Amino acid sequence: MTEFSGIIAGGGLVGLTLALALHQKGIKARVFEAVKEIKPLGVGVNLLPHSVQNLVNLGLLDEIEKVAIKTSSLAYYTQDGKTIWREARGLNAGYDVPQFSIHRGDFHMILLNAVRERLGPENVITGHHFTHFEQDGEGVTAHFTDRHTRDEVGCAQGDFLVGADGINSRLREIFYPNEGPPKYSGQMLWRGVTEMEPFLDGRSMFMAGHNDLKLVAYPIRAESATRGKSYINWIAERLIPSDLAARAADWNERGRLEDFKPYFADWNLGWLDIDKLFENALSIHKFPMVDRDPLPKWSFGRVTLMGDAAHAMYPNGSNGVSQGVLDAMTFADLLAKASDVETALTAYEEARREATAKISLANRQTGPELVMQMVKDQCPGSCGATHSCIPKEILEEVATAYKKLAGFDKQTLKATK
Ligand SMILES: Cc1cc2nc3c(=O)[nH]c(=O)nc-3n(C[C@H](O)[C@H](O)[C@H](O)COP(=O)(O)OP(=O)(O)OC[C@H]3O[C@@H](n4cnc5c(N)ncnc54)[C@H](O)[C@@H]3O)c2cc1C
């Protein structure tokens, strides 16, 4: 086997997963991260069964199980608590592996510890903001600066360079200098976490409302459950088409209660105190629902894009992280089998670019959450505790079609295992 050595720009969830996947295949990699210290930031994310299967293969199941919640079901409701659709998830749905709801920071630390342990701490280099690269027939050189002072801090040489540098990717900007900022959907998200009494069975994820006003919530920490509580991740979503400031797409921007809480004043789900959920939040962040257009090309010689840098998508369908994990595993697999880097990077793009583009576009049509708007538009108002205005078969069709598209329907998973 040819001995390749790679440079990964970005030590987020996908960059670190890639480092682990390459290491498992015996391929050397170094991760260069812009921030000086990698901290457990963010709130909840979901790991769907197709990505969990890969994380199991990377030997991370035990660590994830210790901290995360095994999601039991996903349900959609109207704002008065009437059920639209409910489906089992993960092990409850008969998958071989769980679906996890997890704190992004917890997952990030699991990956970081594993990379430091397996690849050696010297291979995670922080305080290195990737700025530009050169490549030729022999290899690629990446250049880095200190993000704050803009002083050069060094360069690295390797056989390939992967830009896993997130939604505001510098590498993507080099390839597509005229693209501009991420695209705003018109929806503003306030993302928070609150520890309080569990709702439903304590392991369920729910979405309520419709396109103009929505609430999503799910518990994310196992430790909280051991004390009889739920560490609930929630997202309050409001249509604000004209909010120009929204487009900044800064994951760390603080949110204000008064900007969203009043809009939910007349909501009554029956089994969750929404006022308490919002008022007792440990943190609230504001983030616009943004994505990026699918790209015509990811791989340029020895250099390629991955994760949000390649295909930042709306969170509908909870697929962002999972698709990044699939990118990383696919890339490592193909590179391990290839005799030259350029062929592997082309094959990686062929395997992943169109597949992720379809999901991004489906998410623009609200993905599986379409069922909520269908009920809002079509319900005559005479439904009881469970909506019967849309035939069950149609709801099921929406759910199954999305799972197939995203690659986590049971049949596809069994075939690719
Ligand atoms: C601080 C933060 C909080 C987040 N919180 C949530 C959340 O609560 N819920 C959710 O669904 N998603 C969240 N996300 C996004 C989520 O992590 C991604 O959508 C998904 O995991 C894809 O991962 P990624 O590795 O491609 O991107 P990211 O996880 O965004 O990681 C990109 C990494 O690249 C680094 N980076 C950026 N530019 C450069 C550069 N030029 N050179 C070197 N390194 C660079 C960033 O510091 C970051 O560590 C958050 C992302 C960040 C950065």
Side-chain angles (χ1 to χ4, degrees), residues 7-20 30-48 51 101-109 111-112 115 124-133 142-148 150 153-156 161-174 182 189-193 216 218 220 233-235 237 249-253 255 283-292 305-328 331 352 356 360 363:
I7 305 163
I8 302 171
L13 304 184
V14 174
L16 294 175
T17 304
L18 176 63
L20 294 172
R30 280 171 297 166
V31 180
F32 293 86
E33 165 56 47
V35 301
K36 286 219 161 72
E37 189 189 348
I38 300 180
K39 292 184 184 158
L41 300 177
V43 282
V45 294
N46 272 278
L47 302 173
L48 301 178
S51 69
S101 296
I102 188 167
H103 192 292
R104 179 187 178 274
D106 292 346
F107 185 42
H108 204 182
M109 292 303 114
L111 293 168
L112 180 63
V115 172
V124 182
I125 300 119
T126 56
H128 277 58
H129 179 81
F130 164 75
T131 53
H132 62 287
F133 72 91
H143 298 264
F144 303 93
T145 59
D146 178 305
R147 184 178 255 183
H148 299 293
R150 303 197 176 194
V153 289
C155 61
L161 165 66
V162 177
D165 48 347
I167 191 165
N168 298 310
S169 165
R170 168 65 189 140
L171 188 59
R172 181 174 174 128
E173 190 189 14
I174 292 172
L189 312 177
W190 285 267
R191 303 170 306 119
V193 279
V216 178
Y218 48 93
I220 54 173
N233 174 80
W234 52 263
I235 302 147
E237 190 179 315
D250 172 3
W251 285 109
N252 297 316
E253 188 180 344
S283 69
I284 302 176
H285 287 95
K286 182 182 176 194
F287 192 79
M289 189 150 99
V290 285
D291 72 356
R292 291 212 177 254
L305 298 166
M306 188 171 287
D308 277 7
H311 51 67
M313 54 182 70
Y314 294 165
N316 309 329
S318 314
N319 240 289
V321 183
S322 296
Q323 292 302 322
V325 169
L326 297 192
D327 291 349
F331 181 94
R352 297 296 302 151
T356 49
S360 292
N363 286 0

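Scope of the values below: all heavy atoms of this structure, side chains included, with no hydrogens, waters or symmetry mates. In this text, all values refer to a predicted model and were calculated from it rather than measured experimentally. We count ligands from 1, going down the list as the structure has it; atoms in each ligand are counted the same way.
Here the side chain of Thr131 pairs no donor or acceptor atom with the backbone of Thr145 at under 3.5 angstrom. At least one donor-acceptor pair closer than 3.5 Å links the side chain of Arg172 to the backbone N or O of Ala309. With Asn363 contributing its side chain and Tyr314 its backbone, the two residues share a donor-acceptor pair below 3.5 Å. Checked by atom type and distance alone, the side chain of Arg147 never pairs as donor or acceptor with a backbone atom of Val35 at under 3.5 Å.
Between Gly255 and Trp190 the shortest heavy-atom distance is CA-CD1, 3.9 Å. Ser360 and Asp291 get closest at one heavy-atom pair: O-OD2, 4.4 Å.
Polar contact with ligand 1: absent for Arg170 (N/O pair, distance under 3.5 Å). Inclusion of Val14 in the set of residues having an N or O under 3.5 Å from an N or O of ligand 1 is warranted. At least one N or O atom of Ala34 sits closer than 3.5 Å to an N or O atom of ligand 1. By the 3.5 Å distance cut-off applied to N or O atoms, Val43 is counted among the residues near ligand 1. In terms of N/O distances under 3.5 Å, ligand 1 is not approached by Leu41.
For atom 26 (O) of ligand 1, the closest non-hydrogen atom on the protein side is Asp308 N, 2.9 Å. Protein heavy atom nearest atom 42 (N) of ligand 1, with residue, atom name and distance: Phe130 N, 2.8 Å. For atom 28 (P) of ligand 1, the nearest protein heavy atom (residue, atom name, distance) is Arg104 NH2, 4.0 Å. Val45 CG1, 3.5 Å is the protein heavy atom nearest to atom 10 (C) of ligand 1. In terms of protein heavy-atom proximity, atom 39 (C) of ligand 1 is nearest to Asp165 CB, 3.5 Å. Looking at atom 35 (C) of ligand 1, its nearest protein heavy atom turns out to be Glu33 OE1, 3.2 Å.
Under a 4.0 Å heavy-atom criterion, Gly44 is in contact with ligand 1.
In this structure Glu33 satisfies the salt bridge (Lys or Arg N to Asp or Glu O under 4.0 Å) test with no other residue, sequence neighbours excluded. Under the side chain to side chain donor-acceptor pair (under 3.5 Å) criterion, His132 pairs with no residue at all, not counting sequence neighbours.
Contact annotation: for Ala312 versus ligand 1, there are no heavy atoms closer than 4.0 Å. Contact annotation: for Phe144 versus ligand 1, there are no heavy atoms closer than 4.0 Å. Contacts between Leu13 and ligand 1 below 4.0 angstrom, taking non-hydrogen atoms only, involve backbone and side chain alike. The proximity of Trp251 to ligand 1, defined as any non-hydrogen pair under 4.0 Å, is limited to the side chain. Counting heavy atoms closer than 4.0 Å to ligand 1, residue Arg147 contributes side-chain atoms (C-beta onward) but none from N, CA, C or O.
Taken to the nearest 0.5 Å, the NZ atom of Lys36 stands 3.5 Å off from the CG atom of Asp146.
Which of Gly10, Ala164, Gly105 comes nearest to atom 32 (C) of ligand 1 through a heavy atom is settled by distance: it is Ala164. Looking at His108, Arg191, His129 and measuring to atom 8 (O) of ligand 1, the nearest heavy atom belongs to Arg191.
Between Phe144 and Phe130, the angle of the ring planes goes over 60°, which puts this pair in the perpendicular group of the 30/60° scheme.
With salt bridges taken as basic N to acidic carboxylate O contacts below 4.0 Å, one links Arg352 and Asp327.
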